[in-house]
Amino acid sequence: MSKKTYRQAINEGLVQEMHRDPSVILIGEDVAGGAGAGGDVDAWGGPMAVTKGLLSEFGPKRVLDTPISEAAYMGLAIGAAASGLRPVADLMFNDFIGVCFDQIVNQAAKYRYMYGGQDRIPLTVRTMIGAGLGISSQHSQCLYPVFSYFAGLKVVIPSGPYDAKGLLASAIRDDDPVIFCEHKMLYEMVEEVPDEPYAIPFGEAKFVREGEDVTIVALSRMVHIAMEAAESLAKEGIGCEVIDPRTTTPLDTESIIESVEETGRLVIVDEAGPRCGMASEIAAVVAEEAFSALNAPIIKVTPPYTPIPAAPNLEKLYIPDAGQVITAVHKVMGRE
Amino acid sequence: MDTAQGLIMKQSKTELLSAYRGMRTIRIFEDRMHVEFAGGGVPGFVHLYAGQEASAVGVCANLTDADILLNTHRAHGPAIARGADIFAVAKEIYCRGDGLCRGRGGSAHLHDVKSGLWGANSGVGSGVALGCGAALAARNNETGGIAVALVGDGGANQGVFLEAMNLASIWKLPVVIMVENNGYAEATAADYAIAGGDIHKRAAAFDMPGVVVDGHDYFAVYDAVLEAAERARAGHGPSLIEAKQRRYYGHFEGDAQSYRPKGEVEEYRKNRDCLKQFRQKVILDDLIATAELDAIDGEVGELIDRVYADAIAAPFPSEGEFMQYIYATDT
Amino acid sequence: MGDSNIIALMMPKWGMAMASGKVVDWLVDEGTQISVGEELLEIETEKTVNVLEAIDTGTLSRITAQSGDELPVGALLGVITQGGVSSKSVEAFILEFQERFVPEEVSEEVDTAPLNADVDGLSIAYRKYEAKNDQGKLPLLFIHGFGGNQDGWMYHAAELSENRTVYTIDLPGHGASEKEVADGTLPNLAKAVYGLMETVLEPRVHVVGHSLGAAVAVELAIQFPYQVASLTLISGAGAGTSVDKQYIEGFISANRRKQLKPYMQQLFVNSELATRSMVEDMLDAKRIEGVEECLRKISDAAIISLGDVDIRGNLTRLTMPIQIIWGKEDRVASIVEAKNLPASIENIIVDDAGHMVHIEAARKVNNLIAEFIKSV
């Protein structure tokens, strides 16, 4: 056990899984960085240096830099997965899904079902989500609700180093396509992470904080925003239960409902847009299955319905903050 | 083993008989499907392969069990040519419970892992990318296998097709890209939609061999695929073959085909038909007797009758299994 | 009329990581006459819910912390008075206490990672609690039970290190020790403990073992009788009690909260003590690669196969002082064998406690350990 960043935890998880199973390969743009360029052959390890060192350790047969051709290498990764390899395909920013959407949602997600269960597609797609770097609308979205729409995919949104490493192991070992969403603002977050490999099962929400007054379901980076709000609310005597679903497919609705049945109030904090998202989905599930337990309307804390701006002041307005969460909790507590 | 002579000496008589049987089987199967579809009872869309038989059969004659054939949405012919159980093929087209894909895929998604037949695919062009993955895995695992991706002239205009050609070339993947240019992407002519008119010329831009062959000539297809497959197996990378051909029916059944020039199909049927060409060649060269070929025609006719009777009588998938096969854990 | 006195009842510190606790419920009313050992209130920490017992006799004159209050360690919970004390004096006392009270700065590093030592090529984790007031007494070594780790001694180790050094250890395959148990037999586990004593601890110690740890302690005492000054066996699997095999199997294979929770509840009389975070901590520990395999090996070699063996015979062969503490309502290892033990053995059965008697009645068990060792 030692303190590791989110970046280190993911890197360590990849290294351990690649040692554990020789069929695990890494494919993507600049996963090594520097292919054919004449300088360092392991120059980048991805733009955030998450896969740094893997080329040196595992060689070019298992760590493959691709051209900027998401459709081709994603299709290739699916084909390789259907052939028994366990590719980890790096879709640098989840916003780039647009150029390989067909491969992920029409090929990977349907492969097993449409062909009557003949195949397993043990593919992991690692991809960065989230705003905060001031890099505007095409590099900052949270598209896990889009992935979560498609039956056949599994979707993982680790909110910290411990979960990232354990969920990544599960993703790579899983026999279905998994979209693994890394929030780019979390790479420097530090936490105790076991040195040994470990796998966290999908569909098991984490009770980050227990409390009896309000349930706050928060996703990915928003877990930390919710915790900031919860600590502050505790000083007012309001006990918030903060739940991190950890995976959106499968979604642990049981734990959310169990908590709402105890607290009677629900606030959902999501960095994805306000429409057709996980916040809407979770609100719908709770309204359907635990309506009688609710003492107040459900409140969603999400960004507004807008593309993401680059200007720091506008981007700050976009991302939900603890103040908004506190306001929402006050509202469901009837303390406006 | 009685080896055939001249141009066709690469194949034994047994292989030639098998190729003929394959093409005849597809022809009768598809002609019958045309009739059955018009009579109702076949769900969904069907895209018939009649006319193009030499293409799939010429490809498959070069494949081993270690190889993967990537199918297109015009899926029946290649599935039969690759050796998938024809009863299961028909049942899948009829969406029956014990069809090839348990009724989940239908006509356009025939897929049979145990025959090395993958991904009849409605996302045209994707097969080339998937095939690159199969090829990469074959190379990493040293199976000796190659991937042959079928793609139409329509699919050849997809970005993924061009991206995958590039990737296959820079990584020297053991892939053969078989473009079945049947002249029409749905209702739009290849002459209109393909810049320069020739898909095989694109190969040069991706630093791989590109050839064009008569897709109605079994022997021409066979030879071109043989060379490309050998190149792939030797680790020299991908090749592209453009086999020009025509379908005898519409894009899908029910297509009135008013976009096609009058007399086009009749001309192909009369003067270019792959079965006619094949018969002429083997009979003229005295390799196979007319009676032997006629006997095959008779046997195939009877087989297809049984295949259709069986498929029509088979039950639809059990509704209790509706949600099965979404995830690997669903069993 | 005796001396009058005002005593502050404060938020206890249970374990190194504890910075604050939450008042769950008062078990006595204001104005009640209380005596030592009486249960006063339930306090919830991050790890569990525990009862604070009175360490003084007197009147609970004032309750200053209400149910639901989250308070730092050392904060005032109530006031106990002895003899005649005016309510004015009590008010003044409270006022002064609250004015002076500064919560202890909790450093980030307070929950220090355990130390690791190389024992015959195996990495074994342990913690050392230096004696606050070293009187040269023999140290005390705690050995946890099956599937647990040394954090389970959070209520005991620090508290008992007043006069002597206390060590806790993670058995092989557990906690931060290497996930390698060879064949998983008791002699092998005992060898690792002895190896650690020889390498970095001290050659002669008092040993406290819980459950499997008790069995290991007995094995250690048989192999190295001089090194073990005394034995305290808690929920003594070491005494050859019949173990619930279904519990063992269920505990090993559970990898989700819902699966594990009933087994964690089985450990306590009051199943609410098995909190969600306790279950999650256990799952986190069990997930580590190699742990399940180690547990299975130990289960096969040291628990299931010995579960029906009465090893009271072993105890009679030992000459060092032995005490055995049982939770009367233990639902994991039955206490039927608490009967017919040699008269030389201190045999204590604690009411209203289960397999985790040392957690459920922490203060009582601490007192028993302290008194017992003092008497040795």
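Chain A is the first sequence line, chain B the second, and so forth, proteins listed ahead of strands; every chain is numbered from 1. Since we're looking at a predicted model, the values are computed, not measured.
Heavy-atom distances place the side chain of A/Y111, and not its backbone, under 4.5 Å from chain B. Only the side chain of A/I25 has a heavy atom closer than 4.5 Å to any heavy atom of chain B. Only the side chain of A/D119 comes within contact range of chain B, judged by heavy atoms closer than 4.5 Å. Neither the backbone nor the side chain of A/S23 comes within contact range of chain B, judged by heavy atoms closer than 4.5 Å. Looking at A/D175, both its backbone and its side chain come within 4.5 Å of chain B, counting heavy atoms on both sides. Neither the backbone nor the side chain of B/L162 comes within less than 4.5 Å of any heavy atom in chain A.
Chain A forms the most heavy-atom pairs under 4.5 Å with one residue out of B/D112, B/L110, B/I170, B/L173, and that residue is B/D112. Comparing A/D174, A/D102, A/L153 by how many heavy-atom pairs each has under 4.5 Å with chain B, the most go to A/L153. Between chain A and the residues B/N121, B/N166, B/L100, the most heavy-atom pairs under 4.5 angstrom are made by B/N121. For the set B/S126, B/G99, B/C132, the count of heavy-atom pairs under 4.5 angstrom toward chain A peaks at B/S126. Interface check for chain A: of the options B/M165, B/E163, B/M323, the most heavy-atom pairs under 4.5 Å are formed by B/E163. The most heavy-atom pairs under 4.5 Å with chain B, out of A/E70, A/M74, A/Q107, A/R120, come from A/Q107. Among the candidates A/A77, A/P22, A/A82, the residue making the largest number of heavy-atom pairs closer than 4.5 Å to chain B is A/A82. Considering only heavy-atom pairs separated by less than 4.5 Å from chain B, the leading option among A/G84, A/P67, A/S83 is A/S83. Contact count against chain B (heavy-atom pairs under 4.5 Å) is highest for A/G152 among A/P177, A/G152, A/G117.
With salt bridges taken as basic N to acidic carboxylate O contacts below 4.0 Å, none links A/D252 and A/K206. A salt bridge does not link A/E204 with A/R246: every distance from a Lys NZ or Arg NE/NH1/NH2 to an Asp or Glu carboxylate oxygen is 4.0 Å or more.
Between B/H109 and A/Y115, the ring planes are tilted. Angles from 30° to 60° get that label. Between B/Y94 and B/Y308, the ring-plane angle classifies as perpendicular under the 30° and 60° cut-offs.
With 3.5 Å as the limit, one finds no donor-acceptor pair spanning the side chains of B/K114 and A/Q118. Remark: the B/S107 side chain and the B/H76 side chain contain an N/O donor-acceptor pair separated by less than 3.5 Å.
Considering B/L70, B/I26, B/L69 in turn, B/L69 is the only one that fulfils the side chain to side chain contact (heavy atoms under 4.5 Å, CB included) rule with B/P78.
The list of side-chain hydrogen bond (donor to acceptor under 3.5 Å, both in side chains) pairs with a residue in residues 127-149 of chain B, not counting sequence neighbours, is empty.
Around atom CZ of A/F150, more than 12 heavy atoms belonging to other residues, nucleotides or ligands sit under 6.0 Å away.
Aromatic pair B/Y325/A/Y113: ring centres not closer than 6.0 Å.
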